Amino acid sequence: MQSEAADPRIDAAAAESHEPQSPTGRQIIDFELRNSLPRVRATSPSSADPPPGPAAASLVMGTDPGSTLKIVKGEFGYVLEDVPHLTDYLSDLPTYPNPIKENPAYSVVKQFFVNQDDTVPKKVVVQKDSPRGIHFRRAGPRQRVYFESDDVNACIVTCGGLCPGLNTVIREIICGLSYMYGVDKVLGIEGGYRGFYARNTIQLTPKSVNDIHKRGGTILSTSRGGHDTLKIVDNIQDRGINQVYIIGGDGTQKGAAAIFEEIRRRRLKVAVAGIPKTIDNDIAVIDKSFGFDTAVEEAQRAINAAHVEAESVENGIGVVKLMGRYSGFIAMYATLASRDVDCCLIPESPFYLEGKGGLYEYIEKRLKENGHMVIVVAEGAGQDLIIESMKSMDHEDASGNKLLLDVGLWLSQGIKNYFTSRQKMTINLKYIDPTYMIRAIPSNASDNVYCTLLAQSAVHGAMAGYTGFTVGLVNGRQTYIPFDRVTEKRNKVVITDRMWARLLSSTNQPSFLSSKDVEEANIREEQPKQTSGEVKCMENGST
Ligand SMILES: Nc1ncnc2c1ncn2[C@@H]1O[C@H](COP(=O)(O)OP(=O)(O)O)[C@@H](O)[C@H]1O
Ligand SMILES: O=P(O)(O)OC[C@H]1O[C@](O)(COP(=O)(O)O)[C@@H](O)[C@@H]1O
Ligand SMILES: [Mg+2]
């Protein structure tokens with residue numbers, strides 16, 4: 001569900017590819033970590049202990065001061081946005097054969113280990129002469145690991161709102177560490193980020209988590225706010241934790257990036273792995289977030305109930321509010337799947353109520369045609385209209401997320417008032433708000449499998465010494481994505497995309513957009529992401 005807008009990073013990289021070519025056709029560029037760690041010279045591959053990835057990398061100023069992107073450039077505009085590795089800032093780390101080789105379940109697999117240089121393209125729709133473009137490192141087990149089983153002291157934390165599948169991810173991290181890598185020291189951090197310094201921890205074992213995937217929510221509980229980087233890293237250091245698995249959404253991954261930077265600054269041998277979670281599917285780059293399919297499937301039940309209520313009375317209107325603070329993916333996909341929805345309102349697509357082409361006019365027309373209708377509204381839709389009518393100030397939650405006014409109640413009351421005051425027709429409106437029901441359920445079968453693959457990919461990555469990454473599905477392949485890339489912008493519905501057009505044609509609702517709105521939406525989509533810092537490659541020895 002990613003729009004494939006042109007990405008300026010490719011042109012910049014392709015244009016600069018005049019650096020000396022290594023035998024493998026990649027630029028070898030020295031690089032210096034931005035936060036003044038000792039100069040690290042990129043070297044060509046050595047046979048003794050193959051480095052954790054392509055022969056060399058150039059560190060690129062990231063989008064935020066202090067962060068860095070590890071870029072490897074190849075021929076024909078190939079750009080690997082690599083993830084950090086412990087050896088970027090710790091030299092002479094010993095490596096060990098991956099214990100999976102001894103595991104009967106896996107030893108039968110012919111090609112179990114991922115090739116060091118496997119990467120996955122960010123864009124799969126290309127033309128004949130397209131540059132190869134941005135790639136991410138492929139996830140999976142490596143021949144050699146940077147932790148001995150008994151040395152691993154891992155922890156898991158869940159942050160932000162609930163989402164179906166949280167417990168499955170927790171379970172599979174623990175079982176993956178235990179069954180594949182023989183790791184038995186895994187701590188559960190309770191209550192989100194503040195749990196590192198203000199709550200108890202629980203020892204987690206495969207036995208203690210055996211059936212948690214059948215339960216919604218998170219056995220570790222969660223929270224918003226409370227991210228204190230120094231306190232968290234102090235706690236990680238004090239407890240001797242050396243692998244941190246952080247499950248959460250866009251806010252959480254920003255928090256994980258801050259933890260990674262501080263750990264790198266302190267030169268600690270601690271791998272930080274993010275697993276993206278959000279029911280809103282608002283995380284960039286990845287195909288979709290775990291739990292999203294379960295949420296869309298569960299939303300059908302609410303929409304079906306609204307449709308039954310509406311079609312069972314004269315001029316029945318069913319209104320269903322779904323989750324989606326800034327991104328309306330659940331509402332859009334639930335509407336497309338249902339076929340019973342006459343209007344879907346999302347945060348990304350402005351609408352208006354009164355006057356020609358407005359929502360009220362459409363409702364009246366639809367009721368005359370069909371005798372009933374169903375409206376699905378994402379909780380983040382119409383906030384500007386509500387604020388106007390209620391003159392309320394913006395409020396935020398403990399994490400800084402916008403606190404929403406209840407668009408479902410506001411819209412239902414508005415529709416009732418409109419038809420009552422104009423005596424146009426008597427309507428019967430039923431309002432259904434299943435939001436928390438949908439995110440508090442356990443994940444369905446396909447999400448359970450997806451959670452397993454995500455969790456195992458995170459474990460493989462941390463054991464192989466990668467760090468500062470979010471694991472995610474990109475074009476159907478598990479990959480390791482730099483934190484910067486998943487946090488630099490929010491994934492949103494593109495209302496000039498074919499998928500939104502499919503929705504409009506399925507509901508026959510008005511687009512509520514003027515030609516100016518469409519033009520502005522197209523411009524927004526084409527504009528490159530404005531980065532706060534300049535993304536640039538540093539040449540050999542220079543900055
Ligand atoms: N920019 C940020 N830097 C550091 N921590 C953050 C940032 N944004 C959010 N967090 C922390 O991440 C956690 C979850 O964020 P939140 O936005 O509530 O949920 P989600 O990560 O699911 O979107 C909270 O504890 C919050 O304090
Ligand atoms: O859990 P809260 O504080 O009620 O917040 C509800 C919000 O959490 C979400 O369910 C998910 O938000 P996050 O993924 O950012 O945690 C939003 O859809 C919804 O707007
Ligand atoms: Mg979020």
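Bear in mind the structure is a predicted one, so any value in this text is a computation, not a measurement. Worth knowing before you read on, the calculation uses all heavy atoms, side chains too, and leaves out hydrogens, waters and symmetry mates. When a residue number appears, it is its place in the shown sequence, counting from 1. Indexing begins at 1, ligand by ligand and atom by atom, following the structure's order.
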Mark up the atoms of ligand 2 that fall under 4.0 Å of a heavy atom belonging to [X], in ascending order.
{"X": "I279", "value": "10 (O), 18 (O)"}
{"X": "E379", "value": "17 (C), 18 (O), 19 (C), 20 (O)"}
{"X": "Y436", "value": "2 (P), 4 (O), 6 (C)"}
{"X": "G161", "value": "16 (O)"}
{"X": "T278", "value": "14 (O)"}
{"X": "G160", "value": "16 (O)"}
{"X": "D280", "value": "17 (C), 18 (O)"}
{"X": "K277", "value": "13 (P), 14 (O), 16 (O)"}

Return yes if a side-chain donor-acceptor contact under 3.5 Å exists between [X] and [Y], otherwise no.
{"X": "N235", "Y": "R239", "result": "yes"}
{"X": "R138", "Y": "Q478", "result": "no"}
{"X": "N444", "Y": "E297", "result": "yes"}

Does [X] have a heavy atom less than 4.0 Å from any atom of ligand 1?
{"X": "R194", "answer": "no"}
{"X": "A258", "answer": "no"}
{"X": "D250", "answer": "yes"}

Exercise for the section: Please collect all ring pair (Phe, Tyr, Trp, His ring centres under 6.0 Å) contacts where either partner lies in residues 397-417, sequence neighbours excluded, each pair once. Expected result: none
Practice task
Taking the six-membered ring for Trp and the full ring for Phe, Tyr or His, determine whether the centres of Y466 and Y146 are under 6.0 Å apart.
Solution key: no
Rounded to the nearest 0.5 Å, how far apart are [atom1] of [X] and [atom2] of [Y]?
{"X": "S208", "Y": "I202", "atom1": "OG", "atom2": "CD1", "value": "7.0 Å"}
{"X": "F483", "Y": "Q253", "atom1": "CZ", "atom2": "CD", "value": "5.5 Å"}
{"X": "D497", "Y": "M332", "atom1": "CG", "atom2": "CE", "value": "8.0 Å"}

Problem - Sub-2.8 Å protein N, O or S atoms surrounding the Mg ion (ligand 3) - result: D250 OD1
Completion exercise
Counting from 1 in the order shown, the ligand 1 atoms closer than 4.0 Å to a non-hydrogen atom of N401 are 16 (P), 17 (O), 18 (O)
Practice task
Using a strict 4.0 Å cut-off to heavy atoms of G249, name the atoms of ligand 1 that fall inside it.
Solution key: 20 (P), 21 (O), 22 (O), 23 (O)
Under 3.5 Å: N/O of [X] near N/O of ligand 1:
{"X": "Q253", "answer": "no"}
{"X": "K254", "answer": "no"}
{"X": "K277", "answer": "yes"}
{"X": "G225", "answer": "yes"}
{"X": "S223", "answer": "no"}
{"X": "G251", "answer": "yes"}

Completion exercise
Closest non-hydrogen contact found for S223 with Y193 is OG-N, 4.2 Å
Exercise for the section: Mind checking whether D397 contacts ligand 1 via backbone (N, CA, C, O), side chain (CB onward), both or neither, at a 4.0 Å heavy-atom cut-off? Expected result: neither
Handout entry: Lys NZ or Arg CZ of K269 over F147 ring: under 6.0 Å, within 45°
Key = yes
Exercise for the section: Using a strict 4.0 Å threshold on nitrogen-to-oxygen distance, state whether R266 and E262 make a salt bridge. Expected result: yes
